[in-house]
Amino acid sequence: MPELPEVETIRRGLEPEIIGRTVTEAWSHGSAKFTPALDVAGAQFERIGRRGKYLLIGLDDGRELVVHLGMTGALHRRPTSDNLAPDPYTRARWNLDDNTTLVFRDVRRFGRLRVVPTGDYESITTLAQIGPEPLEVDFTPASLHAAMKKSSRRVKTQLLSQRPVAGVGNIYADEALWRARIYPAQRTLSRPEAERLHPAIVDVLQAGVDNGGTTLRDYRTVTGDTGDHQHHLDCYGQAGEPCPRCTAELVSRVWDARTTTFCPTCQRRR
DNA sequence: GTGATAACCTGCTCGC
DNA sequence: TGCGAGCAGGTTATCA
């Protein structure tokens, strides 16, 4: 599922492909989650940024196309003239003025599109309340510690909420908590734990970006390639395997409706 | 305001 | 072989 590294990889791949291009025609699936695609017709793509897992495509008319890839969303470009068999999982298409088409494909339809005035995210709650970017200087152990103190929910659940830090999903949350040796279900985070968790989050996300993201099933880059980070996971999805650090068996539990893999020896409940 | 949970959605896996 | 149940999970809505 696309988390920060996957979305950043897509952003980097898309940037040289679509900037400066004008949308000559737009089509969308009938669901309200995708019909905002139609509002982009006639606009020009000026820039493409990212906040957490959200792609922010700036338009030349003072608006932004906000794209969330959900679990199975992907963006790719192909020649408009391609006579390919209809793809039932295409949710939006934008024909561009260079005779290419930008395609938003999303099998499970967990993705969504919005068009908003630039920088006005009030109508997108998660984006409006999103925490600092983990790879920028305003994300610090102190900011992480302070954000975690605002809630008594489980540490991992808080990470997934996007409020303490942007862009962390199930894969990188499990990896970061494993690296920091923190029990995922504990409801408080001490300052020393924040000092460990902060670099763990930064490191796993940076490694994910460096490896082009994690492909478990659906994720593809703009060019259709798979990521490589799935070969570098220590913990996520490894239940039953030995912990790479202590060789104890990694276990899987469901908390707050999310499967979590952790090491019961390295990540002890305190 | 906060926390917990259901719903959305579809492909895949597993058991019968 | 075919069928049905359960699972995966990011975000939003709803309820307590």
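All heavy atoms count here, side chains included; hydrogens, waters and symmetry mates do not. By convention in this document, chain letters (A, B, ...) are assigned in the order of the sequence lines, proteins followed by strands, and residues within each chain are numbered from 1.
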Give a yes/no answer on whether the side chain of A:T125 brings an N or O atom under 4.0 Å of OP1 or OP2 in C:dT12. no
Protein N or O to nucleotides 1-5 of chain B N or O, pairs below 3.5 Å:
residue	atom	partner	partner atom	Å
B:dG3	OP1	A:S151	OG	3.0
B:dG3	OP1	A:S152	N	2.6
B:dG3	OP1	A:S152	OG	3.0
B:dG3	OP2	A:S151	OG	3.1
B:dA4	OP1	A:R187	NH1	3.2
B:dA4	OP1	A:R187	NH2	3.3
B:dA4	OP2	A:R153	NE	3.4

Given B:dT10, C:dG9, C:dT11, which nucleotide is nearest the side-chain atoms of A:V107? B:dT10
Could I get the full list of salt bridge (charged side-chain N to carboxylate O under 4.0 Å, His left out) partners for A:E15, not counting sequence neighbours? A:R11
With respect to the phosphate group of B:dC9, does any side-chain polar atom (N or O) of A:T72 fall under 4.0 Å of OP1 or OP2? no
Specify the separation, in whole Å, of atom NZ of A:K156 and atom C1' of C:dG10. 12 Å
Taking only N and O in the side chain of A:Y172, is any of them less than 4.0 Å away from OP1 or OP2 of C:dG10? no
Only counting residues at least two apart or in another chain, list the ones meeting side-chain contact (heavy atoms from CB on, under 4.5 Å) with A:H145. A:K149, A:R191, A:A194
Let me know the distance between CZ of A:R258 and P of C:dT12, rounded to the nearest Å. 13 Å
note: A:K33, atom NZ; B:dA7, atom C1'; distance rounded to Å ~ 10 Å
Separation of C:dG6 atom C1' from A:R108 atom CZ, nearest Å, is 13 Å
Using whole Å, what does the distance between atom P of nucleotide B:dT10 and atom NE2 of A:H29 come to? 7 Å
Check salt bridge (charged side-chain N to carboxylate O under 4.0 Å, His left out) between A:R51 and all other residues, then give those that pass, not counting sequence neighbours. A:E133
Determine: side-chain N/O of A:H68 to OP1/OP2 of C:dT11, distance under 4.0 Å, yes or no. yes
Out of A:E193, A:R269, A:R154, which one pairs with A:Q186 under the side chain to side chain donor-acceptor pair (under 3.5 Å) rule? A:E193
Whole-Å distance between B:dA7 C1' and A:M71 CE? 14 Å
Residues in side-chain contact (heavy atoms from CB on, under 4.5 Å) contact with A:Q206, at least two apart in sequence or another chain: A:L135, A:V209, A:D210
By salt bridge (charged side-chain N to carboxylate O under 4.0 Å, His left out) - contacts of A:R93 (at least two apart): none
Strand contacts (DNA chain B) in residues 109-117 of chain A, 4.0 angstrom heavy-atom criterion: A:R109, A:F110
Residues passing the ring-ring contact (aromatic ring centres under 6.0 Å, His included) test with A:Y54, sequence neighbours excluded, are A:H68
Can you list everything that forms a side-chain contact (heavy atoms from CB on, under 4.5 Å) with A:D138? Sequence neighbours excluded, please. A:P132, A:E136
For A:R245, side-chain contact (heavy atoms from CB on, under 4.5 Å) partners two or more places apart: A:W178, A:R181, A:C243, A:C266
With respect to the phosphate group of C:dG10, does any side-chain polar atom (N or O) of A:Q162 fall under 4.0 Å of OP1 or OP2? no
Roughly how far, to the nearest 0.5 Å, is the OG1 atom of A:T80 from the CG atom of A:L96? 6.5 Å
Would you kindly give the OH-to-C1' distance between A:Y54 and C:dG10, to the nearest whole Å? 8 Å
Distances for protein N or O near nucleotides 14-16 of chain C N or O, under 3.5 Å:
none

Does the side chain of A:Y172 come under 3.5 Å of the side chain of A:E6 through a donor N or O and an acceptor N or O? yes
Send over the distance from A:L160 CG to C:dT12 C1', rounded to a whole Å. 15 Å
Salt bridge (charged side-chain N to carboxylate O under 4.0 Å, His left out) against A:D174, all qualifying residues, sequence neighbours excluded: A:K156
